[in-house]
Amino acid sequence: MNKKIMLLGSGELGKEVVIALQRLGQHVIAVDAYPGAPAMQVADEHEVISMLDGAALDAIVAKHQPDLVVPEVESIRTERFYDYEKHGIRVVPSAKAAHFTMNRRAIRDLAAQDLGLKTAPYRYATSLSKLHEGVAAVGMPCVVKPLMSSSGKGQSVIRTDADIETSWNDALEGSRGDLAEIIVEAFIDFDYEITLLTLTQDSGNTLFCAPIGHRQERGDYQESWQPAVMEPELLTTAQDMAAAVTKELGGSGIWGVEFFIQNPRNDQPGTVYFSELSPRPHDTGMVTLAGTQNFSEFELHARAVLGLPVTSIDHVRPGASAVVLAPQSLAPHAGKAPVLHGLAEAAAEPASDLRVFGKPTVRPYRRMAVAVTHGEPGDDVKDLVARAKAIAAKISVGVAD
């Protein structure tokens, strides 16, 4: 059980994964494109490479000979994973899962065409003219996303013809990797969106966390809460859809499966739309750090990675999270070291906790920390969200003099 694990991507989610793995006695090598990344600060070893450089990726795998490779970001030459599996290195959840989900085309086509899951109407575009055609096909308003991106980068909404070129440029600028292709999808008239954390295991037993609600700005999550209140039959539908797509992709680990939910209306049943899937811990799942369930999403991922059984995921209490962002006013100081103020005031709040990520530099809207809080069973999650936001607001981000 003493494994050597290579973590590809070393942000704040990766940092919590490293901590969970080390609590189980594992040796972790954290990899990212810049030095001092959060997970590197707690890992046993680290490497700094561009993970889009296949030769560099192969070189560090050959150097360290890990037992497992755990991808935590999108910008990786995931096609190399198939070769690693052939040489006895386990990829989490699997080479197929990592390769498919790093590209929105692969996962969307799998869900909509191969598995028949309900999704928003969509088209792809590799040029501005193709984007115009795609917008005409799906209608306005519509949402544009790069095929490879994370944390909402490059996403925008097209409401008029005048928005199309701007959205195309934004998508290319926000794309991770070297793929100049985007997806344009119809805007769904949904009532709310959820993340359904889904645990697949070596035993074949798939478990689900209580659904997590979240709010986004600029395509990135701002607050999340657990549980999200939803109709039982809609939750069952979402669970069935999540089980189908994760089974098709294969492997063990935690998956963040995102859905748009349309409540019943006008005597019509509600509708669940598959949106996206991440084969790893999800940013909205940081709410589980508030002790909302018996294992956080990071502990669940670590156990699945190591083949340790989880017999049940028990929802313990409601909770909420709210992010702390670097302000837009820091744009002239991008690249400088951050200084966080107000930590003592935030930490003084009852039934709450903080995670400061330790990112070495700032840029506008960069996520620097998160506040989490919990309540008692039966408490209104709206009140908990308000409390989490108030705690996060006590913390401000500046730069060193």
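For reference, positions follow the sequence shown, starting with 1.
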Show the nearest heavy-atom pair for residues [X] and [Y], with the distance to one decimal.
X	Y	answer
V362	P338	CG1-CB, 3.2 Å
P121	V138	O-CG1, 3.9 Å
S321	S224	OG-OG, 2.6 Å
V61	P66	O-CD, 3.4 Å
L13	P281	CD1-O, 3.5 Å
V70	V92	CG2-CG2, 3.9 Å

Other residues, nucleotides and ligands only: do more than 12 of their heavy atoms fall within 6.0 Å of [atom1] on [X]?
X	atom1	value
K4	NZ	yes
E165	CD	no
Q113	CD	yes
R23	CZ	no

Under the criterion side chain to side chain contact (heavy atoms under 4.5 Å, CB included), I'd like the reasoning laid out for L199 against T206: C-alpha separation, chi angles, the key distance, then a yes or no. CA-CA 6 Å; L199 183 72; T206 297; over 6 Å; no
Would you give the length of the straight line joining atom [atom1] of [X] to atom [atom2] of [Y], rounded to the nearest 0.5 angstrom?
X	Y	atom1	atom2	result
R363	Q328	CZ	CD	14.0 Å
D380	W225	CG	CH2	11.5 Å
T198	L207	OG1	CG	9.5 Å
L24	I5	CG	CD1	9.0 Å
K15	F298	NZ	CZ	11.5 Å
Q65	I89	CD	CD1	6.0 Å

Exactly one of E258, E185, E276 should register a salt bridge (charged side-chain N to carboxylate O under 4.0 Å, His left out) with R108. Which one does?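 Of the listed options, the one satisfying the test is E185.
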Among R387, K389, K394, find the residue that satisfies the salt bridge (charged side-chain N to carboxylate O under 4.0 Å, His left out) test when tested with E349.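 Among R387, K389, K394, the one that satisfies the salt bridge (charged side-chain N to carboxylate O under 4.0 Å, His left out) with E349 is K394.
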Any side-chain donor-acceptor pair under 3.5 Å between [X] and [Y]?
X	Y	result
S252	D202	yes
S352	T373	no
D314	S312	yes
T288	E297	no
T195	T284	yes
H46	Q41	no
D44	Q22	yes
E45	H27	yes
T200	W255	yes
E181	Y124	no

Salt bridge [X]-[Y], side-chain N to carboxylate O under 4.0 Å:
X	Y	result
E133	K130	yes
R215	E193	no
R80	D83	yes
R317	D379	no
R265	D189	yes

4.5 Å side-chain heavy-atom contact, [X] and [Y]:
X	Y	result
T119	Y273	no
R90	Y84	no
L289	R355	yes
D283	R367	yes
V397	P327	yes
V144	W168	no
Q226	C209	yes
L131	V184	yes

Answer yes or no: is there a donor N or O on one side and an acceptor on the other, between the side chain of [X] and the main chain of [Y], under 3.5 Å?
X	Y	value
Q293	F295	yes
D32	G9	no
K86	F81	no
D191	N263	yes

Are F260 and F190 an aromatic pair by the rule of ring centers under 6.0 Å? yes
Assert yes or no for the condition that the ring centre distance of Y82 to H99 is strictly below 6.0 Å.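 Yes.
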Go through the steps to decide whether K63 and D58 satisfy the test salt bridge (Lys or Arg N to Asp or Glu O under 4.0 Å), and finish with yes or no. CA-CA 9 Å; K63 172 183 174 181; D58 289 348; over 6 Å; no
If you apply the rule side chain to side chain contact (heavy atoms under 4.5 Å, CB included), what do you find for T361 with K336, and how did you get there? CA-CA 5 Å; T361 59; K336 291 187 177 181; over 6 Å; no
As a quick check of understanding, evaluate side chain to side chain contact (heavy atoms under 4.5 Å, CB included) for E248 and F100, giving each step before the final call. CA-CA 11 Å; E248 180 67 25; F100 270 54; over 6 Å; no
Charged tip of R104 within 45° of F274 ring normal and under 6.0 Å: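 Not flagged: R104 not positioned over aromatic ring of F274.
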Side chain to side chain contact (heavy atoms under 4.5 Å, CB included) assessment of I395 paired with L343: CA-CA 6 Å; I395 303 171; L343 292 176; 3.9 Å; yes
